[in-house]
Amino acid sequence: MAVHSVSLVIAGSGGAGVVTAGSLLLEAAAKAGWYALMGRSAGPQIRGGEAATLLRFATEPVLSHDDQFHLLVAIDWENIGRFAAEIPLSADSLILGDTAYGPAPAALLGATPRQAALPMLDIANGIEGGRPNMVALGAIAALIGLPTEAMHAVVSQHLARKGQAAIDASMAAFHAGIEAA
């Protein structure tokens with residue numbers, strides 16, 4: 001039996017919810033019965049510096065990241081070029097970026113990956129309490145086949161202390177991301 005796996009990166013500036021998004025995905029994958037691992041990279045600034053989560057999901061145990069990433073989702077492009085060496089892409093890779101922040105940096109395009117626009121900021125702004133990282137999670141879930149129920153359970157647990165309105169806003173942004181994907 002072949003192992004099916006996908007490796008992805010979520011990147012953006014510190015405070016954009018990159019690490020939160022990666023952690024939520026990791027937990028949701030576990031709830032769905034998948035194997036997963038996550039690494040993180042961050043710049044020198046806590047808020048406003050660059051941040052990235054590097055994830056791999058598989059149907060069997062995995063011990064490391066793949067040789068290349070299949071998907072890069074950039075919530076914004078702030079200083080992402082600093083991570084270019086850590087994010088090997090190929091012509092089969094897909095970059096999803098928000099057009100509100102301009103085009104993908106040239107440092108990521110050497111292997112000529114495919115690119116698509118995902119207007120996370122515009123979508124999130126159309127939802128009261130919506131956040132771009134939750135839109136990104138919806139798009140990622142749709143692209144990798146992560147069950148919606150798993151993400152709902154994780155989001156409900158993590159946001160319980162913030163109340164039902166925060167859970168509803170996050171899930172609305174998540175579903176909008178699924179639809180946008």
Side-chain angles (χ1 to χ4, degrees), residues 4-42 46-59 61-62 65 69-78 80 94-98 100-101 116-181:
H4 299 283
S5 76
V6 62
S7 294
L8 63 99
V9 176
I10 307 169
S13 56
V18 169
V19 175
T20 298
S23 297
L24 292 173
L25 271 174
L26 193 67
E27 284 188 47
K31 283 199 179 300
W34 296 2
Y35 295 91
L37 60 87
M38 180 177 95
R40 311 185 265 211
S41 291
I46 293 173
R47 294 186 71 77
E50 64 278 4
T53 56
L54 302 94
L55 299 118
R56 184 173 183 190
F57 304 102
T59 56
V62 292
H65 288 292
F69 289 93
H70 302 101
L71 177 62
L72 166 62
V73 178
I75 295 174
D76 62 52
W77 298 116
E78 284 296 313
I80 193 172
L94 173 63
I95 296 176
L96 290 181
D98 195 325
Y101 298 100
L118 179 62
M120 293 170 269
L121 185 60
D122 285 347
I123 292 169
N125 285 341
I127 299 166
E128 187 174 341
R131 298 202 25 111
N133 68 331
M134 293 305 298
V135 175
L137 284 179
I140 292 166
L143 292 171
I144 68 172
L146 184 65
T148 302
E149 301 79 23
M151 185 59 69
H152 189 275
V154 169
V155 168
S156 295
Q157 177 186 354
H158 278 270
L159 296 180
R161 65 180 169 78
K162 292 186 177 186
Q164 192 60 45
I167 294 168
D168 292 344
S170 292
M171 290 311 298
F174 175 79
H175 286 287
I178 289 172
E179 189 160 320

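FYI, the numbering just counts along the sequence from 1. Owing to the predicted nature of the structure, the values given are computational and were not obtained by experimental measurement.
Between L8 atom CG and L55 atom CG the span is 5.0 Å, to the nearest 0.5 Å. Of the inter-residue distances, the one linking S7 atom OG with L54 atom CG reads 9.0 Å to the nearest 0.5 angstrom. Distance OG/S5 to CH2/W34: 11.0 Å, rounded to 0.5 Å. The CZ atom of R40 sits 9.0 Å away from the OG1 atom of T53 when rounded to the nearest 0.5 Å. Taking CD of Q157 as the reference point, atom CG of L159 lies at 10.0 Å (rounded to 0.5 Å). Rounded to the nearest 0.5 angstrom, E50 CD and S41 OG are separated by 9.0 Å.
What you find for A176 and I123 is that their closest heavy atoms are CB-CG2, 3.5 Å. Here the closest non-hydrogen pair linking I80 and A74 is CD1-CB, 4.4 Å. Contact between S13 and V18 at its shortest, heavy atoms only, is O-CG2, 4.5 Å.
Residues Y101 and I75 form no side-chain contact, since every pair of their non-hydrogen atoms from C-beta on lies 4.5 Å or further apart. Counting only heavy atoms from C-beta outward, the side chains of V73 and M120 approach each other to under 4.5 Å. Looking at H158 and L24, their side chains come closer than 4.5 Å, going by heavy atoms from C-beta outward.
Here A36 pairs with L26, A29, F57 under the side chain to side chain contact (heavy atoms under 4.5 Å, CB included) rule; sequence neighbours left out. By the side chain to side chain contact (heavy atoms under 4.5 Å, CB included) test, A153 is found to be paired with K31, residues two or more places apart in sequence or in another chain being considered. When the side chain to side chain donor-acceptor pair (under 3.5 Å) test is applied to D122, no partner is found at least two apart in sequence or on another chain. With sequence neighbours left out, F69 forms a ring pair (Phe, Tyr, Trp, His ring centres under 6.0 Å) with H65.
Without hydrogens or angle criteria, D76 side chain to G12 main chain gives no donor-acceptor distance under 3.5 Å.
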Using residues 125-147 as the side-chain source, report each donor-acceptor pair under 3.5 Å to any protein atom, sequence neighbours left out, with the distance given to one decimal.
{"from": "N125", "atom 1": "ND2", "to": "L121", "atom 2": "O", "distance (Å)": "3.3"}
{"from": "N133", "atom 1": "ND2", "to": "G17", "atom 2": "O", "distance (Å)": "3.2"}

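Residue pairs meeting the side chain to side chain donor-acceptor pair (under 3.5 Å) criterion with at least one partner in residues 169-181, sequence neighbours excluded, are absent.
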### Message
Please evaluate residues L71 and L96 with respect to the criterion side-chain contact (heavy atoms from CB on, under 4.5 Å), reporting the C-alpha separation (whole Å), side-chain torsions for both, the decisive distance (0.1 Å), and the verdict.
### Response
CA-CA 8 Å; L71 177 62; L96 290 181; 4.2 Å; yes
